[in-house]
Amino acid sequence: MNAVTEPHLIHDTEVDTHHRALRFLTAGSVDDGKSTLIGRLLFDSRAILADQLDTLEKRAAGQPIDLSLLTDGLEAEREQGITIDVAYRYFATKTRKFIIADAPGHEQYTRNMVTAAAGSDAAVVLVDITKLDTAVDEVVLLPQTRRHSLLAHLLRVPSIVFAVNKLDALAQPGPAFAAVSKALRAFAQQAGIAVTAIVPVSALRGDNVTQPLDGEWATWYQGPSLLQVLESLPGVQEKVEGQLSIPVQYVARDSGEQGEGTGYQPRALWGRIAHGQVQAGDEVQILPSGQTAIVAEVRRAGETVAHCVAGESAGVVLDRQLDVSRGDWIVTPGSAKPTQSFEATLAWLDTEPAVPGRKYWLRHGNRWVQARISAIEHRLDIHTLAEQDAQELKVNEIGHVRIETQSPLPVEPYTANRLGGSLIVVDPSSNRTSGALLVR
């Protein structure tokens with residue numbers, strides 16, 4: 001590995017403890033330059049291995065390297081020059097580690113963008129300035145730029161950054177960037193989106209991606225580079241304080257002796273803590289049964305520990321035998337109430353429209369239940385952001401719906417609990433992931 005291509009690897013002790021690894025996705029319309037931008041970040045941060053660079057140089061045959069190939073790994077992606085699936089890449093600077101998700105721009109792959117956004121700390125929405133008419137008084141944004149921004153907002157991605165790309169293709173980039181920034185801020189204000197930053201970049205040339213602008217660009221933009229913005233963003237920490245919430249993933253029976261004098265065979269209820277923390281002596285409730293028990297022991301990675309907090313996988317051993325299985329929830333008593341009817345925001349991802357009355361499968365945590373859409377309250381017009389009456393939701397449309405389930409679920413508002421408030425919708429006939437539900 002040579003000095004030019006050697007990635008900068010850092011140890012946890014080198015990273016500021018207040019700056020945990022940042023998970024962010026790139027989103028936007030088709031050919032806005034998302035894959036090229038990620039390739040530029042990897043290239044400039046020296047996170048490309050020597051053999052990868054050699055392959056790219058041979059493929060380029062003397063021409064400039066196509067950095068988008070660093071993320072477009074599927075054969076179909078390379079052949080068509082588009083991104084189809086979400087590609088994850090990792091790199092680090094001297095102050096931060098990053099996990100990047102490159103999301104597709106095509107409408108038919110919007111479901112993949114939703115998947116990437118659901119676990120992200122930030123979204124970088126690219127805007128190709130060459131596709132916009134910047135000479136008019138009010139610049140009209142592309143539909144997919146608006147849609148991806150709205151989805152990131154609805155999925156409660158904490159930080160949303162707009163990267164205005166391809167400014168190197170314009171003779172007068174300063175006025176054009178100002179016009180697009182004005183349009184983005186007007187749209188964000190109308191949609192209730194808190195914009196973290198609007199940054200001009202050229203992913204192809206590398207302008208303002210990792211290093212601040214200089215030369216003529218610096219006369220109209222004195223802000224940070226995109227990487228500087230990303231390094232300053234807060235990572236999302238699961239909520240450690242407050243009520244406990246653990247979706248049970250599996251139940252493991254101990255091979256040791258039975259509990260003394262009880263005939264009780266201890267079992268560990270394993271799951272990743274979604275909210276709160278747990279320690280021995282805590283009273284917990286099992287949902288949907290409603291039974292309560294005391295935590296006798298907490299385990300992590302096979303060892304007994306004092307406590308576990310949100311974001312960690314924990315094994316909870318109870319003081320008595322209860323009927324608990326995969327899909328149940330361990331919660332603070334009284335903190336959640338199972339229900340069979342709730343309202344939610346539905347992002348529809350299937351070519352078959354969502355219609356009231358049709359049955360679907362829902363997955364909440366680790367539980368599958370049958371359900372139906374009992375009503376569509378309205379559909380959101382992504383162009384005007386107005387709420388419209390609707391009898392169905394077509395592919396990539398967003399609406400407000402009422403859901404009825406066959407069995408009760410302990411759902412919570414998505415704003416309070418990202419895991420407890422989100423569900424996926426699956427078509428029972430095709431097994432396609434048809435939609436994403438966010439409990440209101």
Side-chain angles (χ1 to χ4, degrees), residues 22-45 47-48 56 64-74 76-91 98-132 141-153 155 157 159-169 180 184 195-210 225-227 229-230 233 396:
L22 185 81
R23 301 173 60 96
F24 73 92
L25 80 148
T26 57
S29 192
V30 180
D31 292 331
D32 280 352
K34 298 179 292 297
S35 297
T36 302
L37 177 69
I38 293 178
R40 174 61 61 184
L41 286 169
L42 297 175
F43 184 82
D44 288 356
S45 62
I48 306 176
L56 291 178
I65 295 175
D66 186 354
L67 295 175
S68 68
L69 296 176
L70 289 170
T71 55
D72 293 339
L74 298 178
E77 293 177 327
R78 295 193 297 270
E79 290 175 350
Q80 301 178 47
I82 64 173
T83 301
I84 296 174
D85 202 357
V86 179
Y88 293 92
R89 292 294 182 269
Y90 310 86
F91 77 100
F98 297 92
I99 304 171
I100 323 171
D102 182 20
H106 287 70
E107 286 191 22
Q108 69 190 91
Y109 304 124
T110 299
R111 70 183 70 192
N112 294 349
M113 179 269 168
V114 172
T115 301
S120 294
D121 304 322
V124 177
V125 181
L126 264 75
V127 180
D128 184 349
I129 201 167
T130 63
K131 298 177 183 177
L132 306 177
L141 302 175
L142 296 177
Q144 199 70 333
T145 301
R146 300 169 68 93
R147 179 179 290 109
H148 281 185
S149 302
L150 284 170
L151 285 172
H153 174 61
L155 289 163
V157 177
S159 300
I160 297 179
V161 177
F162 289 105
V164 183
N165 194 24
K166 304 185 184 180
L167 281 137
D168 58 299
V180 173
L184 288 169
V195 179
T196 302
I198 301 177
V199 184
V201 298
S202 169
L204 183 64
R205 205 165 67 180
D207 296 329
N208 206 41
V209 177
T210 59
S225 68
L226 178 61
L227 183 58
V229 171
L230 294 174
L233 296 180
N396 296 324

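Only this structure's heavy atoms are used, side chains among them; waters, hydrogens and symmetry mates stay out.
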Please report the closest heavy-atom contact between [X] and [Y], naming both atoms and the distance.
| X | Y | result |
| --- | --- | --- |
| Arg205 | Arg40 | C-NH2, 3.9 Å |
| Gly33 | Ala203 | O-CB, 4.2 Å |
| Val199 | Leu226 | CG1-N, 3.9 Å |
| Lys34 | Leu126 | N-CD2, 3.7 Å |
| Gly28 | His148 | N-ND1, 2.9 Å |
| Ile160 | Ser149 | CD1-O, 4.2 Å |

Measuring from [X]:[atom1] to [Y]:[atom2], what's the distance to the nearest 0.5 Å?
| X | Y | atom1 | atom2 | value |
| --- | --- | --- | --- | --- |
| Thr196 | Leu230 | OG1 | CG | 10.0 Å |
| Leu155 | Leu150 | CG | CG | 11.0 Å |
| Lys131 | Leu142 | NZ | CG | 6.0 Å |
| Arg89 | Ile100 | CZ | CD1 | 9.0 Å |
| Ser225 | Asp207 | OG | CG | 11.5 Å |

Is the Phe98 ring parallel, tilted or perpendicular to the Phe91 ring (thresholds 30°, 60°)?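 Parallel: the ring planes of Phe98 and Phe91 meet at under 30°.
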
Do [X] and [Y] come close enough that some side-chain heavy atom pair is under 4.5 Å?
| X | Y | answer |
| --- | --- | --- |
| Leu184 | Val195 | no |
| Asp128 | Asn165 | no |
| Leu167 | Asn208 | no |
| Thr26 | Ile38 | yes |

Ignoring hydrogens and geometry, is there a side-chain-to-backbone donor-acceptor pair from Asp121 to Phe24 under 3.5 Å?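 No, because the side chain of Asp121 does not come within donor-acceptor range (under 3.5 Å) of the backbone of Phe24.
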
Partners passing ring pair (Phe, Tyr, Trp, His ring centres under 6.0 Å) against Phe162 (at least two apart in sequence or in another chain):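 Counting only residues at least two positions away or on another chain, Phe162 forms no ring pair (Phe, Tyr, Trp, His ring centres under 6.0 Å).
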
Residues that Asp168 engages under salt bridge (charged side-chain N to carboxylate O under 4.0 Å, His left out), provided they are two or more places apart: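 Asp168: no salt bridge (charged side-chain N to carboxylate O under 4.0 Å, His left out) contacts found.
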
